[in-house]
Structures are given as C-alpha cells and as structure tokens.
S.K.: 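Sharing a structure here in structure tokens format.
Residues: numbered from 1 along the sequence shown. Start at 1 and go down the list; that is how both ligands and their atoms are numbered.
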Amino acid sequence: MKQTQKSGRDQQRLTYGMDLIEKKMKQTQKSGRDQQGRKYVMDLEFFEFSKKKLDGPMKRLSSMDLEFGRNKDEKLIIHSQKPEKVFDGKYLLVCEIGRGAFGIVYYCIDKNTKRAFACKYIPKNPKHPSAVHEISVMANIRHPNVVSLKDSRVDEKSTQIVMELCQGGDLLNRMGDRGLSVTCKSLFSEPIAAHILKSIVEVVKEFHEHGVMLRDLNPRNFVFVDNRDNSALKAIDFGLSIDFKPGQRFSYRPACTHFLAPEVLRQNYGPEADIWSAGVILYMMLGGRFPFFAKDAKSLEAQIKYGFVDRITNPWPRVSDSAKNLVRNMLEVDASKRFTAEQVLNHPWLLVNAKKNPTS
Ligand SMILES: Nc1ncnc2c1ncn2[C@@H]1O[C@H](COP(=O)(O)OP(=O)(O)OP(=O)(O)O)[C@@H](O)[C@H]1O
C-alpha cells in the first residue's frame, strides 16, 4: 500500500517535471530565443525510479532531444547526478528552471510541507560579492510585486535563496510571444500595459522609499505568477541593487544597455535611472519595439544619450496622447526633470487605465 502511494507521488513528480521541461522547450522552439544557450536539466535520480521504470520516460525524453537538438547547447541534458543538497536536504531540487550570470534557479519542494518554491543557488564568486545584499533586500522589502523570501543560507561554497515560485515566465518572453520587434503593433492594450507598468513602478517607489536603487530594471527581472493575461507580476533578482543616500551618485555600469539611462552610460547617476528603464519597458509595450536600437553598441549608446524616441510611426497613431505624454516624461534625458515614481503613479493615463479590467 505504502509502495503504491509512493510510486503514485513519484509519477506525479515525474509528470510535473516532464511537463515543465516540455513547456520550456516549446517556448524556446516557438520563439527561437535562447541566445544564452541555456540547458534544461532534469535530475532523474531525484525521482528514485528503477531502471525499468525509467525506460519509458527516457525514450520520450530522448526522442524530444533528437527532435529538438539542432545544436549542442540547445539539447536537453539528462542529468545523472543529484544536484547539490540545499539546506541540508530540507528542500528537494527537482529541475532547473532558470539561469543567470551568477545563479542557477531550481524548482524545489519543501519536504515537510510539500509546497513548491524556487531556489536560487549562487556559487561563491569573488566578482559578485553582493549575494548577501540580495538577501537583505528581499528580507527588508516585502511588497506584493516583489517575490517573497522563504529561506536563505550562506555557506563557504554558495548562497542559497528559497523564494516564492512564479510560473508565468518573464515579461520579455511575454512581449516576445506578442511579436516584439516583429509586428508594428502595440503588444498590450493600454489597460494591460497600465497594470504592468503600475506593478513595476510600485516596486521602484517601494525600493526608493527604502533607499535602494534597483539598477538592473529590465523585463527579464519581472516574472508572472501564472500564465493568465492578468497575472500578478513580481520583481526578481536584486543582485545589482544598491543602497543610496539622497544626492549620492554611482558609476558602475550594468550590462543591459538597452534599458540604461543616458546618465548611467555617462557613469554618473542616481535612482532616477530606474524610472528611465521602466519608461523603456512602457515604450516597448505600447510601441512593439525597443525605443533605441542599433547595429552596434557604440551607435546604441549614442542614440540613448541623444534620447530621441519615435512616437509618430505605426503603431503610435493609435496610442492615446496621454500614454505618449507619460512615455515622454519617463524617457526624459535630463534626470532632474524626469518623472519620479510618485508622479508616474499619479499620471492620469495610469490612474484611468489601471482601474479598467486588465483583460479588456
Ligand atoms: N522566483 C522565481 N520563480 C520562477 N523563476 C525564477 C524565479 N527567480 C528566478 N527565476 C528564473 O531564473 C532566471 C535567473 O534568475 P536571476 O535573474 O535571479 O539570476 P541571476 O544569476 O541573478 O541573473 P542575472 O544574470 O540577471 O544577474 C530568471 O531569468 C528566471 O527565469
């Protein structure tokens, strides 16, 4: 009896893991957008299946592999080793769900409560000493649009962060699904764009009130809780965030150039730069493409510093004047004249549209 229950549970886990991988692979195939060459790893040993029981799933996985594997980096990897234990085995790492420059994020299960979470595993890296800051930011800033911290641990080898699991993909993927840079259409209706912008700028406001600048505000760092159109949006990844005092200036330049404010490129900036990055996201949602785009990094930087954004050609004639006004005030080259988070949240376009049903 016990055995039957156990294998039923294992089967459920396996089905879940397979679905997750298949979904991820389909997304990647559909958008063809895995420039980072991410590998999706499922730890089959975790399921404690006997060789015989694994035969079926293995066949299925390897056929998917053959179908999918156009180049080596996109291949599905079947892992035969258990990932490193986290929290002395308090959590089970099921499979990888994301990977950034510094950390690997796993789908994990709390063995006691059986609830699912995301666990970010950051190997010790002398070039990235701020993992502890990331934990303190998550512990101090509790907000409905900020992914919540469940557990954290720092040891001599790594930093481990267990947090709320968001399964709706990131904002950049969602924009890609809706034709970012492919169609000359707005990616979202104005009410949906307003709901998304409100969530983002609420996060900026909360951070700035806590004296923390996000610095790495871009659509990859906002994830949806689920796949619904009106899903809640949550900020993740605070590895580059930094505490600031009023008037303090910074010079460190993050990598994500498309979202950087002109003053960040000049390496002399303060928290106003977060609003510029949110303005770039608003522009993309309404305009269907990046506001600044160039073949090489040098011309891209020149465009950003000059700050001209097209609000005339398609789809802009169909976008409301009020929305265009907000875009202009967020993408203001002069940081001292740029809207603050408070001003964005009180802009008539946001107030009116964020009240509307987001599925409209
Ligand atoms: N709470 C979460 N729920 C679901 N997926 C998540 C969660 N946190 C992170 N991810 C996924 O893992 C990926 C990597 O996470 P994250 O951006 O925090 O790592 P990083 O190493 O700090 O990245 P970066 O290169 O941007 O510094 C994200 O892009 C996202 O797809």
S.K.: May I ask you to check whether Met163 has an N/O atom sitting below 3.5 Å from an N/O atom of ligand 1?
M.R.: no
S.K.: Kindly confirm or rule out an N or O of Glu134 lying under 3.5 angstrom from an N or O of ligand 1.
M.R.: no
S.K.: Could you say whether the N/O atoms of Arg220 and ligand 1 ever approach to under 3.5 Å?
M.R.: no
S.K.: With under 30° as parallel and over 60° as perpendicular, where do the rings of His258 and Phe293 fit, or are they tilted in between?
M.R.: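 Geometry flag for Phe293 against His258: parallel rings.
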S.K.: Only heavy atoms of Val147, strictly under 4.0 Å: list the atoms of ligand 1 that pass.
M.R.: 1 (N)
S.K.: Going by the atom numbers of ligand 1, which of them fall below 4.0 Å from some non-hydrogen atom of Cys166?
M.R.: 3 (N), 4 (C), 5 (N)
S.K.: When you measure from the centre of the six-membered ring of Phe224, is the NZ or CZ of Arg174 closer than 6.0 Å and no more than 45° off the axis?
M.R.: yes
S.K.: Give yes or no for whether the N/O distance cutoff of 3.5 Å, strictly under, is met between Glu164 and ligand 1.
M.R.: yes
S.K.: State whether Arg220 and Asp237 are salt-bridged, where the test is any N-O pair (Lys NZ or Arg NE/NH1/NH2 against Asp/Glu carboxylate O) under 4.0 Å.
M.R.: no
S.K.: Could you tell me if any non-hydrogen atom of Asp170 lies under 4.0 Å from any atom of ligand 1?
M.R.: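 Heavy atoms of Asp170 never come under 4.0 Å of ligand 1.
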S.K.: Do NZ/NE/NH1/NH2 and the carboxylate oxygens of Glu301 and Arg253 come within less than 4.0 Å?
M.R.: yes
S.K.: Can we say Lys356 and Glu190 salt-bridge, meaning some charged N sits less than 4.0 Å from an Asp/Glu carboxylate O?
M.R.: no
S.K.: Under a 4.0 Å N-O cut-off, is there an ion pair linking Asp296 with Lys298?
M.R.: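 Salt bridge absent between Asp296 and Lys298.
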S.K.: Which ligand 1 atoms are under 4.0 Å away from a heavy-atom of Gly103?
M.R.: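 It comes down to these atoms of ligand 1: 21 (O).
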S.K.: Between Lys234 and Glu164, is a salt bridge (Lys or Arg N to Asp or Glu O under 4.0 Å) present by the stated rule, with each step listed?
M.R.: CA-CA 10 Å; Lys234 309 243 171 179; Glu164 176 185 2; 3.0 Å; yes
S.K.: Look only at interatomic distance and state if Leu165 has a nitrogen or oxygen under 3.5 Å from any nitrogen or oxygen of ligand 1.
M.R.: no
S.K.: Taking 4.0 angstrom as the limit and counting only heavy atoms of Ala118, give me the atoms of ligand 1 inside it, by number and element.
M.R.: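 Listed by number with element: 1 (N), 2 (C), 3 (N).
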